[in-house]
Structures are given as C-alpha cells and as structure tokens.
Number of protein chains: 2
Amino acid sequence: MSQGTHSGRGRGRPSSPVLSRERVTLAAIRIVTEQGYRHLTMAALARELGVAASALYNHVSSKRDVLILLQERVNERIDDSAFGTEPWDRALRQWAHSYRRCFMEHTALIPVMAVLPVADSPRTLRMYERVTRALNDAGIVGADAVDIIVGVEALVFGAAYDASAPAGIFDPGDLEDMAPTFTRFAAQRSADPRAAADRAFELALDALIDGLRRKYAA
Amino acid sequence: MSQGTHSGRGRGRPSSPVLSRERVTLAAIRIVTEQGYRHLTMAALARELGVAASALYNHVSSKRDVLILLQERVNERIDDSAFGTEPWDRALRQWAHSYRRCFMEHTALIPVMAVLPVADSPRTLRMYERVTRALNDAGIVGADAVDIIVGVEALVFGAAYDASAPAGIFDPGDLEDMAPTFTRFAAQRSADPRAAADRAFELALDALIDGLRRKYAA
DNA sequence: ACCTGAACACCGTTCAAGT
DNA sequence: ACCTGAACACCGTTCAAGT
C-alpha cells in the first residue's frame, strides 16, 4: 500500500536525487495538459524528466500509481467551500458543478477514480468528510448521506464523459429515418454541443437536488 | 464509416470463409464473459477463432470496432418496453434500472459508449427514438427530451462504475481520524457493498425522476 | 475475397550492474 | 539510495505473399 522511497534525509553522501514523486507528478501533468492522456506513457514521462524509464520505478510502483497521483491533483481543485456557508442543497449544487468541471478534461481518470479506495486518497476522504458533515448538520444522517455523495458523483462522472464527447454524436447520419422524433429534438444540439451538454447536466442535477430537497425537507 | 466486407454471396468458388463480423463478436463475448476485458486482445480473439490475428482485419477495422460491436450486443438487452405501457416516469425508472444492470459487468465499454456517434449504433438510436417518443406523448418536447435521456444515462454510467467497484473502497483504513463522520456513516456499506450501491443508485434515480415529474407535471 | 507469417513500432515492467 | 541499459513479454496494426 505505502510505496514511495522518500529522498535522502539521512547522512551519507548528499547526491541529491533527480527524481521524486512530486517531480513525476508535475511532469505527468505537463504531458497530459500539453499533449493529452494518449501521450502519457512511462517512456514519455521518463523523457520529460531526462531519465531512463526504469528509474521511475524507484518512485512510483506502476502507471496506475501515476494516475492516482494525478487524480489527487485534480481532486484538489474541486471547490467544496460552499458547504461551510450555504444551505446543503445549494452547496451540493455548487460542489457538483465544480466537480464536473474538473473532470471534464480528465475523463481518463474516471475509471481509476471511480473504483479507488478512499484509503489511497486523503484528498478525496477529506472532501467526503466535509460533505457528510454538512449533510449531517442538515439532519441527513447515516447511509443516506453517503448515498447522496455516491449518487451525485455518479451523475458528475457520467456528465463529464458526455461533455468530453466530440461534436455531432447525436447526428443520426443516414439513419435519420429510423428515428425521426429524436432527430428533430436533437437537431439544436449540433449547433453548440458544449452548451447542450451543460444544459443537460444542469437539468438533471437540478431535478436530482429538487427531489432530495423534497425528501429531506426540514 | 461503413466497414465490414460481407461474405460471398456472389458466384466464384464457394470457399466459405472462416470469419465474419458475427463470429468475431461472439468470440469476443465468450472471452469477455469467461475471462474479463483484460484478456480481450486481438491475439486472444484470433486464437479463440483459430486464425491469425491479421485475419481479423478483414472483418473489423480496429479493436475499437470490436468494442463497438460488443456494445451493440449489450445495448440489445436493455429493456425499454415499459415506454409502451407505463406512464413516462415509471417507464424511465424501469429503463434506467435495466440500463445500469446491463453495463455493470461491462464498464470497460462505457468510455466507448459514452462518446459513440449514434450514427454508428442503430440499436442505440432506436432506443433513443422510443424514449423520445414516449416523452413527446407526455408533453415533454424539444431539447428537454434529449436532455433527460442524456442526464439519466449519465447517472446510469456513473452508477455502473460504482457498482463494479471492489468491496471496501469506502474503508478509510488508517486515515479514519481524518474523517470520523464519514467513517461512521459509511460503516454499514462494507457489510454488503453490492446492496449499498443498489440503494445509492435507487435513491438518486428516484430523486431525479421525482424532480422531473414535478417540473413536467401535467 | 480471405487468410498466413513476418515485421513494425510500440507498451509496462523487471533486474543485474553500476555509483 | 538511486540510476542505467538491456531484456522480457506483451500490445495493435500493416503488408507482401499465397490460394
């Protein structure tokens, strides 16, 4: 579970090492933002850092480990501050919006993130604690509070995929005759697919939260 | 877009070919159900069919193409029949449940499915038409109808991931002190994580649909 | 038209050897 | 402790050659 040989604080020669988990993480972020996840390979990571690929394994245990490091950084930017100031329903809404925005450009992390034990991600755990506490203060306790987190997260992940989809996925092409009603209703989508994805998410999220509000009304 | 050299209906010698898109699909399903997606490689697929890996490329254009074929088969089993008989809100609920059940064991297909143009998937398009039509009959028209599909789908995909997660992902381990409230609320989850995932999905879906029902009340 | 066999350009990961 | 270089066991895909 706990990997990561930390650099030399002991005595002995001070031959300060080139690599560290921190450096690996930063290099990974650079590659991902500049070239995309397709180009994030152990070889590319090593090249970016000016070392042999095998050297990376002194600091991370696998490529999955690198993805977890990356996920931790992305998670850091999710804004959950509203849980301190706003009523729970408004805070939940703001949190979900920020959450989705963070993962829209990082859908490659979703399969990792969605099944990652919280024990391996302190940031995530801290976030969950904050949300749970706010729900608790609002009278939503026990399994229900966790279920709400899980449910909202599910919508967020799915919506992040949708937002990352290429334009025109709802264009039926030459299959139009098969789905005349859908084609007609989906036509506007092609104009601004990004805005359409935003609206779809907002519609679902607002309905979800409205349903929750009603269920847990004070 | 249209690949797939169909087998010989013409004259010439009847040297009936070994492969076909159908056979490739069936072999892929066999591998996936018996060994899991990790083992689905072009080499394994070829071995299963008793041919060279390069032979596959006479029938599919890429591995992604195989995954699309697979997705088409999984999609086939989603039950949308309730849209013919039940009120739209109940039908939506039943559809979402079936949808999630189908993709729980096929989360590997979600990244493909979520960004796949409907023009490449007749089954999906037909399903969308059916849902749209039912919503239309209930007075929900235009972009909203498509947004509802997209929103429900997002929740379904995210929830499918959650349901496929290994047991104990909400166990904080030695980080318990960091999140006491969350730990307490999540404790029950470890007993039966499958049932917990089901409940979380149901809670979110019911809230979502309740919110929609209220918004589009007749 | 459809298949084989060899080859290509990659992957992630391991490990003996060095300092 | 940390790095290199070589090697391993794979990937997906292409293509000339056969029938």
Side-chain angles (χ1 to χ4, degrees), chain A residues 2-28 31-32 35-71 108-109 111-112, chain B residues 2-28 31-32 35-71 108-109 111-112:
Chain A
S2 84
Q3 67 283 85
T5 49
H6 290 84
S7 45
R9 55 177 61 196
R11 51 264 141 73
R13 56 182 80 79
S15 63
S16 50
V18 187
L19 257 36
S20 68
R21 281 172 81 78
E22 176 72 10
R23 271 184 215 272
V24 171
T25 309
L26 294 178
I31 292 173
V32 161
Q35 317 186 50
Y37 278 90
R38 260 186 24 257
H39 291 92
L40 181 63
T41 65
M42 297 304 273
L45 206 43
R47 197 177 339 109
E48 177 82 16
L49 289 159
V51 298
S54 52
L56 297 170
Y57 290 87
N58 287 310
H59 303 270
V60 295
S61 63
S62 64
K63 181 171 179 182
R64 181 180 146 84
D65 199 12
V66 175
L67 293 179
I68 293 175
L69 249 21
L70 229 37
Q71 169 265 345
L109 293 178
V112 177
Chain B
S2 84
Q3 68 283 86
T5 49
H6 291 85
S7 46
R9 55 175 61 195
R11 50 265 141 74
R13 58 181 79 80
S15 63
S16 49
V18 185
L19 257 36
S20 67
R21 283 173 79 80
E22 176 74 9
R23 272 185 215 271
V24 171
T25 309
L26 294 178
I31 292 173
V32 161
Q35 317 187 51
Y37 278 90
R38 262 189 20 261
H39 292 90
L40 181 63
T41 66
M42 296 304 273
L45 207 43
R47 196 176 341 108
E48 178 82 16
L49 289 158
V51 298
S54 53
L56 297 170
Y57 291 87
N58 287 311
H59 303 271
V60 296
S61 63
S62 64
K63 181 172 179 182
R64 182 181 145 84
D65 197 13
V66 175
L67 293 178
I68 294 174
L69 248 22
L70 229 37
Q71 169 266 347
L109 293 177
V112 176

Among residues at least two apart in sequence or on other chains, which ones pass side-chain contact (heavy atoms from CB on, under 4.5 Å) with [X]?
X     : answer
A:E48 : A:A27, A:R30, A:I31
A:A43 : A:T41
A:S62 : A:R64, A:D65

Only counting residues at least two apart or in another chain, list the ones meeting ring pair (Phe, Tyr, Trp, His ring centres under 6.0 Å) with B:Y37.
B:H106

Name the stems that DNA chain C belongs to, where each is three or more consecutive Watson-Crick or G-U pairs with both distances under 3.5 Å?
C:4-8 with D:12-16, C:12-16 with D:4-8

Which residue is it: A:L40, A:L109, A:L67? I am looking for the one with a side-chain contact (heavy atoms from CB on, under 4.5 Å) to A:V32.
A:L40

Going 5' to 3' through nucleotides 3-14 of chain D, assign each nucleotide B (protein heavy atom under 4.0 Å from a base atom), S (under 4.0 Å only from sugar-phosphate atoms) or - (no protein heavy atom that close).
BBB-----SSBB

Take B:N58 and B:L19 through the side chain to side chain contact (heavy atoms under 4.5 Å, CB included) test and state the conclusion after the steps.
CA-CA 9 Å; B:N58 287 311; B:L19 257 36; over 6 Å; no

Under 3.5 Å, is there a donor-acceptor pair between the side chain of B:R23 and the main chain of B:L49?
no

